[in-house]
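Structure first, commentary second.
Chain letters run A, B, ... following the sequence lines, proteins first and then strands; every chain starts at 1. Please read all numbers here as calculations on a predicted model, not as lab measurements.
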Amino acid sequence: MTTRDTMKKQLENLISQAVAVLKVQGVLDADLNPAINIERTRDVAHGDFASNIALMLAKPAKTNPRQLAEQIIAALPTNDAILKVELAGAGFINFFMNPNAQYQVIADIQAASDNFGKSQIGVGKKVQVEFVSANPTGPLHVGHGRGAAYGSVVGNLLTATGFEVHCEYYVNDAGRQMDILATSVWLRYLEACGETFTFPSNAYRGAYVRDIAQTLVEHHGKNYAHPTATVFADLPLDEPQGGNKEEYIDALISRAKQLLGDGYRVIFDVGLNNILDDIKDDLAEFGVTYEQWFSERSLMDDGSIEKALAVLKSNNYLYEKDGAIWFKSSELGDEKDRVVIRDNGQHTYFASDIAYHWNKLERGFDTLIDIWGADHHGYIPRVKAALNALGADETKLHVLLVQFATLWRGEEKVQMSTRSGEFVTLRELRDEVGIDATRFFYVMRRSEQHMDFDLELATSKSNENPVFYVQYAHARICRVFEQLIEKGFTQDVALGMANLTELTAEHETALLTTLARYPEVIERAATQYEPHLLINYLRELATDFHTYYNAHQFIVESDTLRNARLNLITAIRQVLQNGLMLLGISAPVAM
RNA sequence: GCGCUUGUAGCUCAACUGGAUAGAGCACCAGCCUUCUAAGCUGGGGGUCGCAGGUUCGAGUCCUGCCAAGCGUACCA
């Protein structure tokens with residue numbers, strides 16, 4: 001399971017030992033606790049790794065950087081992997097590694113295989129990742145898809161780095177939007193029962209609502225039917241008739257509850273379960289799985305909301321105004337105070353969200369990650385304010401924002417209109433593009449970056465398509481091993497291992513470095529919640545491999561060189577596989 | 001108006017969180033294709049890091065002020 005410390009880590013340890021020595025010598029203050037930062041160099045003339053530690057410490061040590069660098073170098077413990085250490089530039093310490101040390105990565109990859117790149121940095125820490133959490137009022141669309149892909153990869157990355165990860169979907173199975181859905185279903189059901197009327201402008205108009213109404217007819221006949229005249233008696237005007245669409249739909253909801261009695265809950269649940277099941281299937285097919293589907297309604301049923309509000313009240317953060325109960329979020333960094341209980345006695349969505357986030361922390365998570373659409377950014381201050389007001393540790397909550405994706409078909413923008421209900425669903429996108437390309441494109445960019453998703457590019461079988469390019473590198477390696485057998489050879493791993501030093505071509509040493517970087521990339525991508533770093537890395541690795549492939553023959557006559565090369569590409573294949581696995585993308589053996 | 005996010009090559013995006021000469025892909029230009037997959041290959045040109053100040057050994061990265069785009073600014077979720 002555990003892989004060796006990366007070279008970066010080893011060097012960090014050496015420097016921190018040197019710093020400790022200088023503290024003892026009195027060169028550095030004992031209470032100085034610098035963050036030691038080793039970087040891979042961009043320029044080979046600067047060696048393999050560089051540290052700016054002397055530049056950072058020069059001021060507190062009241063000395064000049066170059067002199068301090070000299071002292072650090074002098075205090076550095078010796079290490080077989082290091083060829084030489086140089087002082088350069090303004091005070092950089094450059095490390096040149098022993099060329100023979102670079103081959104170790106192939107043995108490391110072979111030994112760790114599927115586990116290469118995993119680490120223990122998160123061991124003992126519980127992280128909850130909440131993502132998608134779309135209202136179950138309709139199918140997921142392409143906006144939700146990006147959050148789904150992003151959240152699941154962040155979860156995979158955190159798991160790979162040792163965190164105990166709990167992925168969760170918050171189901172908004174209560175509240176006004178769900179009432180609108182239930183009422184929409186009922187109205188479509190009435191239509192199916194033969195009633196005719198104008199469908200409300202603010203109701204859900206998607207075709208799926210009709211489908212649900214149809215199943216309701218099939219299972220319950222006309223049990224919930226009422227004549228149009230009764231249903232619409234004495235209602236205010238809808239918006240197109242000069243009224244208010246919100247008041248109109250609210251009146252219809254009340255009417256539904258009044259006429260249906262217990263039946264309202266039946267229809268409500270049929271709508272909810274139908275759509276939720278569809279969302280679950282959709283996500284499962286997309287390779288996105290959850291530890292828990294957390295019900296908002298459960299927070300009402302078990303009194304969590306009342307409890308949370310009671311704490312806010314006793315902490316003096318609630319007051320009454322205009323018949324509603326307000327939370328003093330403006331005292332804790334929010335722009336203004338927020339309503340938690342409306343004047344009609346109903347609690348707001350925010351009220352249950354307060355209870356929900358409190359509940360999360362009560363469950364003992366060290367870190368909470370919420371992944372939201374960027375349009376919800378204004379919501380962050382009030383949630384943090386609420387946690388503060390409850391006396392909880394608000395710094396444990398990290399809200400990651402995901403910008404929406406714009407779909408393109410070549411030069412043409414794919415129009416989307418949520419208003420008419422004619423948006424592109426995630427399922428349609430998956431059907432057209434495939435799971436692999438969909439996931440890849442979704443996490444290819446930094447999450448807070450607006451992104452263009454080109455459907456034509458994503459489905460094209462060319463090197464311009466980055467998914468294809470990376471997967472093809474994997475398939476190509478597999479193909480080499482088929483060729484090997486066709487040519488009558490067999491791989492001799494031990495012989496290859498014994499002769500890795502024959503891998504001296506520029507392409508080969510470049511690949512060794514790229515392979516060694518993989519664990520660093522995973523660690524960084526995980527701790528920064530930035531999956532796109534992994535994508536970038538895999539594209540680089542694929543590029544390095546393809547160039548190598550084009551420049552050199554692997555299946556050569558020399559037994560030692562051939563097997564050394566085969567071991568190198570075996571290692572590349574393994575890392576490609578591991579990386580793609582974390583992204584939830586297949587590593588095809590042939591294309 | 002206020003708040004958040006974004007602004008890097010013609011286009012789409014990176015840049016190890018303050019490091020050394022800002023990098024890829026596409027497009028463009030010039031060469032190349034008898035090979036384990038030409039579903040290409042090699043090389044090249046291309047930059048006022050939105051603008052202007054500031055902080056320091058050092059700024060695309062931090063601070064301030066402008067400019068532009070997106071989003072938000074509900075007793076909706």
Side-chain angles (χ1 to χ4, degrees), chain A residues 8 35 37-43 45-46 50-52 55-56 58-59 64-66 88-92 94 133-135 137 172 174-178 180 202 246 296 321-326 334-336 338-353 373-381 401 403-404 408 444-446 448-454 457 460-466 468-469 472 475-477 479-484 486-487 517 520-521 523-525 528 530 532-533 535-536 539-540 543 546-547 549-556 565 569 590-591:
Chain A
K8 224 175 180 177
N37 196 12
I38 296 282
E39 290 190 354
R40 286 190 178 268
T41 57
R42 208 170 288 166
D43 187 338
H46 300 145
S51 171
N52 62 354
L55 293 158
M56 311 254 301
K59 185 171 278 184
N64 78 68
R66 287 187 64 97
F92 291 100
N94 291 339
S133 298
N135 283 342
T137 53
N172 299 123
R176 184 162 171 271
Q177 293 304 321
M178 285 308 296
I180 295 177
N202 206 27
E246 306 290 350
E296 178 187 3
K321 192 182 84 177
D322 302 332
I325 308 292
W326 296 70
D334 197 6
E335 289 176 343
K336 50 174 281 194
R338 308 289 173 177
V339 170
V340 287
I341 296 179
R342 297 199 280 263
D343 57 8
N344 65 5
Q346 297 274 321
H347 70 260
T348 58
Y349 172 83
F350 178 47
S352 39
D353 223 10
D375 54 334
H376 286 64
H377 63 80
Y379 202 78
I380 299 172
L401 299 175
Q403 292 284 354
F404 289 120
W408 295 79
M444 187 163 60
R445 306 297 182 209
R446 252 171 55 237
E448 60 270 40
Q449 184 72 247
H450 288 98
M451 85 166 207
D452 288 335
F453 192 132
D454 187 342
L457 180 61
S460 81
K461 295 188 173 189
S462 75
N463 287 356
E464 294 165 34
N465 179 352
F468 175 87
Y469 192 70
Y472 182 46
R476 217 173 200 182
I477 294 171
R479 179 63 187 144
V480 170
F481 284 98
E482 284 176 27
Q483 281 290 323
L484 186 73
E486 284 168 26
K487 292 189 176 177
R517 275 174 45 214
E520 299 163 19
V521 170
E523 179 173 331
R524 190 173 160 72
Q528 306 290 325
E530 290 188 333
H532 75 281
L533 296 176
I535 297 256
N536 288 346
R539 293 175 73 174
E540 269 180 68
T543 303
H546 286 304
T547 359
Y549 178 98
N550 288 317
H552 296 278
Q553 193 82 13
F554 307 149
I555 305 175
V556 291
R565 286 184 170 167
I569 66 171
M591 291 174 77

Across the strands shown, which category fits [X] at heavy-atom distances under 4.0 angstrom: base, sugar-phosphate, nothing?
| X | result |
| --- | --- |
| Leu55(A) | base |
| His552(A) | base |
| Thr547(A) | sugar-phosphate |
| Met451(A) | sugar-phosphate |
| Tyr469(A) | nothing |
| Tyr472(A) | base |
| His377(A) | base |
| Arg524(A) | base |
| Arg517(A) | nothing |
| Gln403(A) | sugar-phosphate |
| Ala50(A) | base |
| Tyr379(A) | base |
| Phe481(A) | nothing |
| Asp452(A) | sugar-phosphate |

Using the [atom1] atom as the reference point in each nucleotide, state the distance between [N] and [M] in Å, no decimals.
| N | M | atom1 | result |
| --- | --- | --- | --- |
| G10(B) | C66(B) | C1' | 27 Å |
| A74(B) | G50(B) | C1' | 34 Å |
| C57(B) | A14(B) | C1' | 27 Å |
| A9(B) | G45(B) | C1' | 11 Å |
| G65(B) | G3(B) | P | 9 Å |
| G46(B) | G23(B) | P | 13 Å |
| G60(B) | A52(B) | P | 13 Å |
| A69(B) | U8(B) | C1' | 16 Å |

Provide, to the nearest angstrom, the distance between the [atom1] atom belonging to [X] and the [atom2] atom belonging to [N].
| X | N | atom1 | atom2 | value |
| --- | --- | --- | --- | --- |
| Ile38(A) | U17(B) | CD1 | P | 12 Å |
| Met56(A) | G19(B) | CE | P | 9 Å |
| Arg338(A) | A74(B) | CZ | C1' | 9 Å |
| Glu464(A) | C41(B) | CD | P | 11 Å |
| Glu39(A) | G23(B) | CD | P | 14 Å |
| Arg40(A) | G19(B) | CZ | C1' | 17 Å |
| Glu520(A) | C16(B) | CD | P | 14 Å |

Do any side-chain nitrogens or oxygens of [X] fall under 4.0 Å of OP1 or OP2 in [N]?
| X | N | value |
| --- | --- | --- |
| Lys336(A) | U73(B) | no |
| Arg446(A) | A14(B) | yes |
| Asn463(A) | G40(B) | yes |
| Arg539(A) | G25(B) | no |
| Arg479(A) | U37(B) | yes |
| Gln483(A) | U35(B) | no |
| Asn536(A) | G23(B) | no |

Look only at the side chain of Arg66(A) and the backbone of Gly89(A), and say whether a donor-acceptor pair between them is shorter than 3.5 Å.
->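 Present.
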Spell out, as yes or no, whether a donor-acceptor pair under 3.5 Å connects the side chain of His546(A) to the backbone of Tyr469(A).
->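 Yes: the side chain of His546(A) pairs with the backbone of Tyr469(A).
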Using a 4.5 Å cut-off on heavy atoms from C-beta on, say whether the side chain of [Y] contacts that of [X].
| X | Y | result |
| --- | --- | --- |
| Met591(A) | Lys461(A) | no |
| Gln483(A) | Ile555(A) | yes |
| His532(A) | Gln449(A) | no |
| Arg176(A) | Ile180(A) | yes |
| Trp408(A) | Leu457(A) | no |

For the side chain of [X], counting heavy atoms from C-beta on, which of [options] is nearest?
| X | options | answer |
| --- | --- | --- |
| Tyr349(A) | G19(B), A20(B), A77(B) | A77(B) |
| His450(A) | C75(B), A14(B), G70(B) | G70(B) |
| Val480(A) | C36(B), C75(B), A39(B) | C36(B) |
| Ile555(A) | G40(B), C36(B), A15(B) | C36(B) |
| Ala88(A) | A15(B), C13(B), A20(B) | A20(B) |

Report the residue (His46(A) or Gly323(A)) whose heavy-atom-nearest nucleotide on RNA chain B is the more 5′ of the two.
->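 Residue closer to the 5' terminus by nearest nucleotide: His46(A).
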Given that Ala324(A) and Gln553(A) both sit by RNA chain B, which one's nearest nucleotide is further toward the 5' end?
->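 Closer to the 5' end of RNA chain B: Gln553(A).
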Name the orientation class of the two ring planes belonging to [X] and [Y] (parallel below 30°, tilted from 30 to 60°, perpendicular beyond 60°).
| X | Y | result |
| --- | --- | --- |
| Tyr379(A) | Tyr349(A) | tilted |
| Tyr549(A) | Phe554(A) | perpendicular |
| Phe468(A) | Tyr472(A) | parallel |

Face-to-face contact Phe92(A) to G19(B) six-ring, under 5.5 Å, under 30° =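 Taking the rule of under 5.5 Å and under 30°, the ring of Phe92(A) does not stack on G19(B).
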Atom CZ of Arg517(A) and atom NZ of Lys8(A): how far apart are they, to the nearest 0.5 Å?
->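 So the gap between those two atoms works out to 9.0 Å.
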Answer yes or no: side-chain N or O of [X] and base N or O of [N] forming a donor-acceptor pair under 3.5 Å.
| X | N | answer |
| --- | --- | --- |
| His376(A) | G72(B) | no |
| Gln528(A) | U17(B) | yes |
| Asn94(A) | A20(B) | yes |

RNA chain B in dot-bracket, Watson-Crick or G-U pairs under 3.5 Å, [ ] crossing, | other strand?
-> (((((((..((((.....[...)))).(((((.......))))).....(((((..]....))))))))))))....
Regarding Thr137(A) and Gln177(A), is there a side-chain donor-to-acceptor distance under 3.5 Å anywhere?
->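 Judged by distance alone, the side chains do not pair up.
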Assigned glycosidic conformation for U17(B) [threshold 90° from 0] =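 It is syn.
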